[in-house]
*Asks:* 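Following this message is one structure expressed as structure tokens.
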Amino acid sequence: MPTTVHGYPRIGGDRELKRACESYWDGRSSAADLDAVAARLRRGVWESLRDAGIGAIPSNTFSYYDHVLDAAVLFGLVPERFRAAFEAAEDRESELAAYFAMARGTGDLPPMEMTKWFDTNYHYLVPELSPATRPRLAGGKPLSEYTQAKGLGVPTRPVLVGPLTLLMLAKPAADAPEGWRPLDLLDDLLGCYSELLARLSAVGAESVQIDEPILASDEGRAELACLEYAYGRLGDQAGRPDLLVSTYFGAIGAQALEVLKGTGVERIGLDFVSGPEGVGELARVSGLGDKTLVAGVVDGRNVWRADLPAKLSTLGSVLGLAGRVEVSTSCSLLHVPIDLDAEPGMDPAVRERLAFAKQKVDEVVLLGRALSEGDEAVTAELKAARGAPPASFTNSRVRARLQALGGETSRVGDEQRTVAGKEPVLATTTIGSFPQTPEVRKARADHRAGRIGGAEYERLMRAEIDRVIKLQEDIGLDVLVHGEPERNDMVQYFAEQLDGYATTANGWVQSYGSRCVRPPVLYGDVSRPEPMTVDWITYAQSRTARPVKGMLTGPVTMLAWSFVRDDQPLGDTARQVALALRDEIADLEKEGIRHIQVDEAALRELLPLREEARAGYLAWAVDSFRLATSGVAASTRIHTHMCYSEFGRIVGAIEALDADVTSVEAARSHMELVGDLAAKGYRRAIGPGVYDIHSPRVPSVPEIEESLRSALSALSPEQLWVNPDCGLKTRGYAEVEPALRNMVEAARRVRAELGRA
């Protein structure tokens with residue numbers, strides 16, 4: 001049957017990979033134990049895809065932490081500071097220790113930089129390359145996974161991150177000369193790919209998938225000469241498996257498609273969900289000749305059931321444009337939960353419209369049957385295809401309020417803004433969450449399960465808030481937070497309290513490493529039935545004389561980290577969320593809260609990959625934030641937070657948000673954003689993260705001082721705030737407390753140097 005998928009979730013139905021990795025990191029299990037769990041998870045995926053009827057099954061889509069990190073290790077693209085550990089590794093324990101050190105850092109070595117995988121919420125590790133980097137085939141992971149599957153009787157297609165994507169996502173190392181590009185290593189890297197393809201062919205692999213999502217971006221489209229050279233060389237290689245060059249997250253353009261068509265690769269994968277214009281581009285290049293088109297028509301990134309008649313129409317329109325057509329997902333299913341059957345408690349009206357990874361595989365197989373056997377083979381299934389959303393998903397009151405508000409979203413000018421109890425220069429704060437102890441998690445679970453009542457739950461949460469407030473006062477932070485003990489997740493917490501959202505019990509998706517989230521489903525018009533945070537924040541403020549920030553998640557992030565309805569423009573949905581947040585902010589102000597943080601961690605994440613679509617996105621993204629925040633008094637300070645993305649391209653949009661203080665990730669990127677801000681005349685306050693919370697290491701006082709001095713080389717002292725780069729929820733107090741004490745001490749010392757103590 002002409003069917004395939006680009007990849008599948010690797011965490012396990014019960015997050016087995018998360019638990020196995022964390023057990024290994026904590027020293028409670030061995031490398032052999034971890035490898036055994038991984039082998040079981042891989043086997044389960046391969047056998048389930050085979051049993052579902054998928055014709056071409058991918059392998060090498062598993063990873064202990066990140067597939068880009070795996071590719072860097074595979075080809076010897078290891079930063080200099082970790083190279084000795086890799087070269088000295090003599091057994092599996094030392095190999096894994098070196099691998100995880102790159103991702104998580106050690107006491108002495110900072111980890112690799114981490115950022116978002118294109119416009120998704122998945123994080124990848126950024127390779128660091130220089131002219132001294134010598135690519136070589138240094139590992140055998142694709143070979144070993146192919147061999148494991150073959151031993152189980154499951155023939156697979158190994159998947160590799162493509163050479164263009166790998167190099168274009170990399171960054172020049174600190175010692176790289178001005179003007180040098182990682183793409184300068186392309187020739188040497190292609191030699192490694194050629195060697196790997198030959199080895200895969202030798203063990204029996206008949207086909208290999210090479211992923212080049214970079215081609216959906218402006219940057220990738222601009223490198224046509226590199227594209228032609230890379231796949232001309234690999235396509236002409238003798239004794240290799242068939243090649244599928246897979247592109248996704250958008251259309252790649254007729255020029256790139258023409259180039260690929262002219263190479264010797266046998267299959268080309270196109271994403272017709274994120275890039276529906278790809279159908280027209282395919283026609284403009286007069287099709288692919290005798291090559292196979294792998295048609296990505298089932299959405300790999302959202303959870304709505306496919307409109308099967310529409311998908312069959314798309315498939316019908318491309319049947320004559322290739323020698324053969326295979327049905328596929330638009331991208332890897334890494335980005336969706338595993339199985340809708342694990343959600344029996346969900347509202348049936350919502351549930352019947354959804355498809356998770358397992359159900360999407362069934363859709364691919366069903367479309368493959370229709371393609372090979374005719375529509376009549378699946379008549380019953382086509383009749384049951386998704387229809388229009390129920391009328392109950394619409395809220396006329398919300399729509400009327402938004403229409404009445406119009407487009408006015410301005411705050412008072414800077415000169416009119418005053419804040420009671422002005423903070424010192426280099427004011428210290430945190431992003432919001434504090435570590436969630438086993439006791440806190442148990443209390444939430446007990447309350448959710450009905451084992452404790454509301455009064456006891458509130459008592460336990462207030463006790464935790466008391467403890468966190470007292471700790472922050474003792475550490476010496478200037479602006480405090482309540483620690484968010486009542487929140488399971490910064491998006492899910494609000495989704496559970498907003499109409500128009502549904503949440504899952506087991507809809508886990510990998511964000512990075514062992515970090516998994518349960519994105520809620522935004523299915524209808526959004527409204528706020530009652531205040532969501534006011535009681536917790538006002539209680540925290542009553543326990544201290546220092547200011548406490550109210551903590552909210554912004555409209556763009558509420559969309560980016562949810563599975564969002566696709567029956568209206570995203571901007572319209574964002575305004576509905578913004579209206580609910582506007583009401584929450586007004587209630588916080590009424591209770592005397594004068595610092596309110598509206599996190600937009602995903603503002604850069606949703607930036608379209610093509611320049612032509614960016615202005616429209618930024619317009620509605622900025623508008624929705626300002627709609628939420630523009631009603632505040634002159635005495636209220638609005639904060640926002642953004643993390644793990646490249647922000648240089650959107651400095652203008654960040655300023656247009658009109659937030660008084662913006663905190664951003666900067667620890668792993670070595671204050672890179674600060675230079676971008678200064679170069680573009682950024683005039684508001686900024687808190688570049690000086691403490692990388694995604695690593696267990698504790699930064700020293702001198703290390704943080706150095707970061708602050710670096711920031712002050714581009715910003716005035718009045719602009720600079722001091723904070724970690726993200727929330728502290730996933731860390732432990734043994735790391736957090738000394739790190740925050742070091743942060744406060746570093747700020748104190750730099751203030752003294754400035755004569756502002």
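Keep in mind it's a predicted model, so treat the numbers as computed, not measured. Along the sequence shown, the residues carry numbers beginning at 1.
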*Asks:* Counting only heavy atoms from other residues, nucleotides and ligands, does the tally under 6.0 Å from CD of Glu47 exceed 12?
*Replies:* yes
*Asks:* Is the closest side-chain donor-acceptor distance between Arg301 and Ser274 under 3.5 Å?
*Replies:* no
*Asks:* Is a salt bridge present between Glu326 and Arg267, judged by a nitrogen-to-oxygen distance below 4.0 Å?
*Replies:* yes
*Asks:* Please step through side-chain contact (heavy atoms from CB on, under 4.5 Å) for the pair Phe86 and Met102, ending with a clear verdict.
*Replies:* CA-CA 10 Å; Phe86 272 94; Met102 294 173 69; 3.0 Å; yes
*Asks:* Rounded to the nearest 0.5 Å, what's the gap from CG on Leu125 to CG on Asp66? Could you check?
*Replies:* 5.0 Å
*Asks:* Let me see the working for Arg604 and Glu665 under salt bridge (Lys or Arg N to Asp or Glu O under 4.0 Å), right down to the final yes or no.
*Replies:* CA-CA 12 Å; Arg604 169 63 178 84; Glu665 179 277 326; over 6 Å; no
*Asks:* Does Glu195 CD have over 12 foreign heavy atoms under 6.0 Å away?
*Replies:* yes
*Asks:* Could you tell me whether the side chain of Thr133 and the main chain of Leu77 form a donor-acceptor pair under 3.5 Å?
*Replies:* no
*Asks:* Answer yes or no: does atom CZ of Arg43 have more than 12 heavy-atom neighbours from other residues, nucleotides or ligands under 6.0 Å?
*Replies:* no
*Asks:* Is any side-chain N of the basic residue among Arg83 and Glu87 closer than 4.0 Å to the acidic one's carboxylate O?
*Replies:* no
*Asks:* Would you sort out whether Leu190 and Leu186 count as a side-chain contact (heavy atoms from CB on, under 4.5 Å), showing the intermediate values?
*Replies:* CA-CA 6 Å; Leu190 288 173; Leu186 180 61; 3.9 Å; yes
*Asks:* Could you check whether the rings of Phe249 and Trp117 sit parallel, tilted or perpendicular, using 30° and 60° as the cut-offs?
*Replies:* perpendicular
*Asks:* Measure the shortest side-chain to side-chain distance between Ile54 and Val365 over non-hydrogen atoms and say whether it is less than 4.5 angstrom.
*Replies:* yes
*Asks:* Out of curiosity, Leu260 CG to Leu270 CG, how far, rounded to the nearest 0.5 Å?
*Replies:* 8.5 Å
*Asks:* Going by atom types alone, do Thr165 and Glu212 pair a side-chain donor with an acceptor below 3.5 Å?
*Replies:* yes
*Asks:* Under 4.5 Å between any side-chain heavy atoms of Gln510 and Tyr122, yes or no?
*Replies:* yes
*Asks:* Indicate yes or no: at least one non-hydrogen side-chain atom of Pro182 is less than 4.5 angstrom from one of Leu185.
*Replies:* no
*Asks:* In Å and rounded to the nearest 0.5 Å, what is the CG to CG distance from Leu371 to Leu312?
*Replies:* 8.0 Å
*Asks:* Strictly distance-based, threshold 3.5 Å: is any side-chain N or O of Arg81 a donor or acceptor partner for the main-chain N or O of Val78?
*Replies:* no
*Asks:* Less than 3.5 Å apart, any donor N or O on the side chain of Tyr64 or Asp70 sitting next to an acceptor on the other?
*Replies:* no
*Asks:* Would you say that Val303 contacts Phe356 through its side chain, given a criterion of any heavy-atom pair below 4.5 Å between the two side chains?
*Replies:* yes
*Asks:* Please walk me through it: do Lys150 and Thr156 pass side-chain contact (heavy atoms from CB on, under 4.5 Å)?
*Replies:* CA-CA 7 Å; Lys150 185 178 180 182; Thr156 61; over 6 Å; no
*Asks:* Indicate the atoms forming the closest heavy-atom contact of Pro163 with Ile210, along with that distance.
*Replies:* CD-CG2, 3.9 Å
*Asks:* Within this structure, what is the OG1-CG distance for the pair Thr329 and Leu334, rounded to the nearest 0.5 Å?
*Replies:* 11.0 Å
*Asks:* Got a salt bridge between Arg240 and Glu266, using NZ or NE/NH1/NH2 to carboxylate O under 4.0 Å?
*Replies:* yes
*Asks:* Leu333 versus Tyr8: any side-chain heavy-atom pair under 4.5 Å?
*Replies:* yes
*Asks:* Verify, without hydrogens or angle tests, whether Ser511 (side chain) and Cys516 (backbone) share a donor-acceptor contact under 3.5 angstrom.
*Replies:* no
*Asks:* Does the ring centre of Tyr229 sit less than 6.0 Å away from the ring centre of Tyr231?
*Replies:* no
*Asks:* Between Leu164 and Cys226, is any pair of side-chain heavy atoms under 4.5 Å apart?
*Replies:* yes
*Asks:* Can you check whether Ala310's main-chain N or O pairs, donor with acceptor, with Thr314's side chain at less than 3.5 Å?
*Replies:* yes
*Asks:* Asp91 and Ser94: side-chain donor and acceptor closer than 3.5 Å?
*Replies:* yes
*Asks:* In terms of side-chain geometry, is the basic nitrogen of Arg233 or Asp187 positioned less than 4.0 Å from the acidic oxygen of its partner?
*Replies:* yes
*Asks:* Please find the pair of heavy atoms, one from His335 and one from Gly300, that lie closest to each other, and give the distance.
*Replies:* CB-O, 3.8 Å
*Asks:* Looking at side-chain heavy atoms only, is the closest gap between Tyr24 and Glu93 below 4.5 Å?
*Replies:* yes
*Asks:* Quick check: does any side chain N or O of Lys171 sit under 3.5 Å from a backbone N or O of Glu113, one acting as donor and the other as acceptor?
*Replies:* no
*Asks:* Carefully, step by step, assess Leu169 and Val126 under the rule side-chain contact (heavy atoms from CB on, under 4.5 Å).
*Replies:* CA-CA 7 Å; Leu169 292 183; Val126 182; over 6 Å; no
*Asks:* Please confirm whether the backbone N or O of Arg104 pairs with a side-chain atom of Ser695, one donor and one acceptor, at under 3.5 Å?
*Replies:* yes
*Asks:* Testing the basics here: between Phe118 and Pro213, what is the closest heavy-atom pair and its distance to 0.1 Å?
*Replies:* CE1-CG, 3.5 Å
*Asks:* With distance as the sole test, does Thr3 use its side chain to make a donor-acceptor pair with the main-chain N or O of Val364 at under 3.5 Å?
*Replies:* no
*Asks:* For a 4.5 angstrom cut-off between non-hydrogen side-chain atoms, does Thr61 reach His67?
*Replies:* no
*Asks:* For Ser201 versus Pro241, what's the shortest heavy-atom pair and its separation?
*Replies:* CB-CD, 3.8 Å
*Asks:* Quick check against the 3.5 Å criterion: does Tyr146 have a side-chain atom that pairs as donor or acceptor with the backbone of Ala205?
*Replies:* yes
*Asks:* Looking only at heavy atoms, what is the nearest atom pair of Pro608 and Ala613, with distance?
*Replies:* CG-O, 3.5 Å
*Asks:* More than 12 heavy atoms of other residues, nucleotides or ligands under 6.0 Å from CD of Gln255: is that the case?
*Replies:* no
*Asks:* Would you find a donor on one side and an acceptor on the other, under 3.5 Å apart, between the side chain of Asn60 and the backbone of Val159?
*Replies:* yes
*Asks:* Once you round to the nearest 0.5 Å, how far does CG of Leu160 lie from CG of Leu200?
*Replies:* 6.5 Å
*Asks:* Using distance alone, with no hydrogens and no angle criterion, decide if Gln237 and Ser194 have a side-chain donor and acceptor under 3.5 Å apart.
*Replies:* yes
*Asks:* Is a donor on one side and an acceptor on the other found under 3.5 Å between the side chain of Lys261 and the backbone of Gly287?
*Replies:* yes
*Asks:* Could you report the tightest heavy-atom contact between Leu609 and Asp119, atom names first, then the distance?
*Replies:* CD2-N, 4.3 Å
*Asks:* On the 0 to 90° scale, with breaks at 30° and 60°, tag the Tyr65-Tyr512 ring pair as parallel, tilted or perpendicular.
*Replies:* tilted
*Asks:* To the nearest 0.5 Å, what is the distance between CG on Leu366 and NZ on Lys360?
*Replies:* 13.5 Å
*Asks:* Give the intermediate values and the outcome of salt bridge (Lys or Arg N to Asp or Glu O under 4.0 Å) for residues Glu223 and Arg181.
*Replies:* CA-CA 13 Å; Glu223 298 294 344; Arg181 300 192 309 162; 2.9 Å; yes
*Asks:* Can you tell whether the side chains of Arg610 and Glu277 come within less than 4.0 Å, N to carboxylate O?
*Replies:* no
